[in-house]
Each structure stands twice: as C-alpha cells, then as structure tokens.
Amino acid sequence: GMALGLCGGASLSLEYSRALNLTQGLRLLLRFLYELQNAGALCLYLLLIGRVAIGRPGGLKQTAAELRKPFLVSVYSTGQMASLFFSARVVQPLLGVAVAQAFVYVFTALQLVIMAHFFSACWRTRTWPEPFWNPATLNIAVTPIVGGLLGMPRWIVRCTFGLALVLQAILVPPQVFRVLRMGTRVSNDVTVSLMQAPCSLTSLAWGVMLRTGYGLSSNSAKNGPDDAITHTLFALSFAVFWLTVVAAAVRRKAIASDGFGPAWAATTFPTCSTALTALLYSGWAVGGKPGSDPAVPRLSTDPNWAWWGASLRTYSIILAVATSTLVLVVVGRFTAGFLVSTYQQPAQTTVKSAVQLDTDQQNSASAQRSEYNENENQVNTNCIPGVFQHGDGQTSV
C-alpha cells in the first residue's frame, strides 16, 4: 500500500510538470521528483515482497493462510495495483511496449482472480461491504489507466472501465450508507479513507482515457457524451471524498488512539486519485486554456464561466499540494520505521501489523454479531474479518 501511495505521489509530480506556465528549471525538478518517487516506490515494493515471501517465519505458507481472510486479501491486493503501474513506468522503458502490455494482461487476469477469491471469502464469512473492500475489487480501474498510457486495444480498456463502473454502482452505496448510518461500528479507524477510492479512481481512469483517445466522442470538437460522463464522475468523486472526510472526523478519537501504522497507507493512493481527478477536471495544468487538454470539460475553460474555472483550479491545487505533503510524510515515516524494524526486530513488524489488525477483528467479531442477532436468538460466533477493536474497547464491523 505504501509503494502504491508513492506511485500516486509520483503521478501528482508528473501532473504538476505539465503546467504551461512553469519555468524549464522547475519542470525538470518536478520530473526528477517523479522519477525519484517511482524509484522509491519500486524499492519499497521489492523490500515488502521480500519480507512477505522469505523474511518472516512461515514465509509463503503463512501468506497462503492469510489469504483466506477478506481483510488481508484486500491488503495484499494493493501489490497487484502497484505491479500494473510498474508495467508502464519500469517495464516499458526497459523492455518495450509489447512486454509491458503482456504484463498488463497478466496482472489484469490476476486481479479478476483476486476479486473472485475475495467475494468468495466475504460470502463465506458473511462480511458486508465497507471501505476495505475497495482495493480487492475496484482496483480493476487501474487497467484502463495503464492500458490507455500503453496504447492497448480498446476492448480491454473499455471493458475493464465498464466493469469498474458496475462495481462502483453496486458497492459504493452500501459502503457509504453503512459508514455514515452505523457510525463508529463500521470502519472505526483510518482505513475509512478507502471509501473515496472507487469514485475518484474511475473518474481518473476516464480522464486518462480521454487524454489517450479512448473516449466515446468521435470528434473532439463536439461535446458528445464525454463531457456529461466527466461531470458525473467528478461530481461523485467530489461528494464521496467530502463524505469520507466527515466519516474520518467522526472517527478521529479512534484514529488518534490507534496511532501511526501501516494502515495509514489507506490515506495515500485514494487521496492522490481524488487530487488528480480535481486537477484534470479543473484544467489546472493548461491554465484554463480552452481545448488544450481532452480530459478537461468545456465548462471548466469556458470564458463565460471564468469564476467557476478559477475556483476549481484553486481548489484542485490546494488539495493536490496537501496530498503530496501527506504522501511524503506517511511514506517517509513508514519507511523509517520499516528500516529500523528490519535491523532491530527482523521479520516481525511490518506484516505483523496487518495480521494483528485482522486478529483484532476476529477477536471482537463474536460480540459484534451477537448484538445484531440477539433479537432472533441466533448468535453466530464465526469471525468476520473487517471488525476492528481499539484500545478504548470500541468495536466496529
């Protein structure tokens, strides 16, 4: 998750470098930061894979046992998302477009397998939708992003994007309802930040598709359906992001009580997607110049609505800079702790934190389920991964 967050931070740096009014020196600096963050993400990704595979007791055998639990399936699925980005950012420059496209096919197929396994595990454990579902399901929206950048066939770009929209329509409403209606009984921790991910990721995917020529309108000079889709997806991204902020504020005591840990990765990549969506929609990079970016709807650059475009661009750059800062702080703090733990307590801490979080869920599941079922006198003591128990004794599904 941290490596994926750093990939998101790199994408923000790249988007900043596209601004028309930058000096050449500043543009080169931002491109350097882009490459540096990609390199850091790859190193962190490889270190974490090594830790999971061979750097702890049990190795792959323990990992296979953990993959029976929905919450941990979701944790591990972030590696598949990072692998897709590395296909475009590492494999393509080194081995060429054809090999990079082959990697995308493989990791997209892997995502479909992960998704099927995740749904099966949730069905088996009677786990209801909540934000931690998103990495294992909606990350299918990464394929149209990377596929568009690599010039892959339209069928895979559009089909995976369509699947992401279907999953978003099915999974996001119950997540938002349960998080807001049931309060701290659901996702009572920092992973509630994942709630913003689906709408922002599909909106970002659509923006990249427009930039790379995968939109629906045959003539870019015509309005067509592209602008309508852009407005709708951005509106959903904006609304769910601020609902996520509200949900996190409600859970601020539990988040503060838990302290910093690997779960803070949930704040990085989803928020990067939200910020990138805002930058694309507002036309910040092109300074509001009409027709300069296919991803920017006409309304954002319409001279008759100059106040609207200016407001959007101000909002988007404030959000983006705040997000870039968040990513650097979270990833930097995690990396420092990871390196210290590697030397002081080998094979103990990083992955254990995710496993311990899942263990806490299981320990509190029986009491939580008894509360929901006592009216029917059918107390089920099976564990529901996705339940968190905090130091203050509160539990949440």
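None of the values given here were measured: they were computed from a predicted structure.
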Can you see whether [X] engages [Y] through a side-chain donor-acceptor pair at a distance of less than 3.5 angstrom?
X    : Y    : value
S273 : S200 : no
N134 : Q175 : yes
R89  : S11  : yes

hydrophobic_cluster_shared for [Y] and [X], side chain cutoff 4.5 Å:
X    : Y    : value
V331 : L328 : no
L33  : L26  : yes
L72  : V113 : no
L236 : V166 : no
W242 : V250 : no

Would you name the heavy atoms of [X] and [Y] that are closest together and state the gap between them?
X    : Y    : value
T125 : P70  : OG1-CG, 3.6 Å
T277 : S203 : CG2-OG, 3.0 Å
S193 : P270 : O-CB, 4.1 Å
V190 : A266 : O-CB, 4.1 Å
V172 : C199 : CG1-SG, 4.2 Å
L180 : A247 : CD2-CB, 4.4 Å

Taking atom [atom1] of [X] and atom [atom2] of [Y], what is their separation to the nearest 0.5 Å?
X    : Y    : atom1 : atom2 : result
T127 : K69  : OG1   : NZ    : 12.5 Å
S187 : M195 : OG    : CE    : 8.5 Å
M115 : T137 : CE    : OG1   : 6.5 Å
L12  : L276 : CG    : CG    : 4.0 Å
L299 : T230 : CG    : OG1   : 11.5 Å
I140 : L165 : CD1   : CG    : 12.0 Å

[X] vs [Y] side-chain heavy atoms within contact, under 4.5 Å:
X    : Y    : result
V176 : V179 : no
L112 : L163 : yes
I114 : V73  : yes
V142 : L201 : yes
R252 : I255 : no
P198 : L167 : no
V157 : T212 : no
L6   : N38  : no

Treating [X] as the side-chain partner and [Y] as the backbone partner, does any N or O pair qualify as donor plus acceptor under 3.5 Å?
X    : Y    : answer
S83  : G79  : yes
R313 : S282 : yes
T314 : A310 : yes
S257 : A254 : no
R251 : V186 : yes

Listed partners of [X] passing side chain to side chain donor-acceptor pair (under 3.5 Å), at least two apart:
X    : answer
R18  : E15
S87  : none
T267 : none
S17  : none

Q.
Does anything in residues 165-174 form a side chain to side chain donor-acceptor pair (under 3.5 Å)? List the pairs, not counting sequence neighbours.
A. Q168-T202
Residues forming a ring-ring contact (aromatic ring centres under 6.0 Å, His included) with [X], sequence neighbours excluded:
X    : answer
F85  : F269
Y16  : none
F118 : W133
H231 : Y281

Q.
Does R154 qualify as a cation-pi partner of Y214, given the criterion of NZ or CZ under 6.0 Å from the six-membered ring centre and within 45 degrees of its axis?
A.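 That pair qualifies as a cation-pi contact.
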Q.
Counting only heavy atoms not in F177 (residues, nucleotides, ligands), do more than 12 fall under 6.0 Å from its CZ?
A. no
For residues 102-110, please give each side-chain donor-acceptor pair under 3.5 Å, one per line with the distance, not counting sequence neighbours.
{"residue": "T108", "atom": "OG1", "partner": "V104", "partner atom": "O", "Å": "2.7"}
{"residue": "T108", "atom": "OG1", "partner": "T143", "partner atom": "OG1", "Å": "2.9"}

Q: Measure centre to centre between the rings of F161 and W206, then say whether the value is under 6.0 Å.
A: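 They qualify: ring centres under 6.0 Å apart.
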Q. Residues sharing Y34's hydrophobic cluster, by side-chain heavy-atom contacts under 4.5 Å among ILVMFWY, directly or via others?
A.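 L14, which link up through side-chain heavy atoms under 4.5 Å apart, make up the rest of the cluster.
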(Q) Side-chain heavy atoms under 4.5 Å apart, restricted to Ile/Leu/Val/Met/Phe/Trp/Tyr: what other residues fall into the cluster of L36, or is it alone? (A)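 Under the 4.5 Å side-chain rule, L36 groups with F32.
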Q. Can we say D293 and R211 salt-bridge, meaning some charged N sits less than 4.0 Å from an Asp/Glu carboxylate O?
A.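 Salt bridge: yes.
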Q: Check the pair R158 / M209 against side chain to side chain contact (heavy atoms under 4.5 Å, CB included), numbers first and verdict last.
A: CA-CA 9 Å; R158 289 184 172 177; M209 287 170 64; 4.3 Å; yes
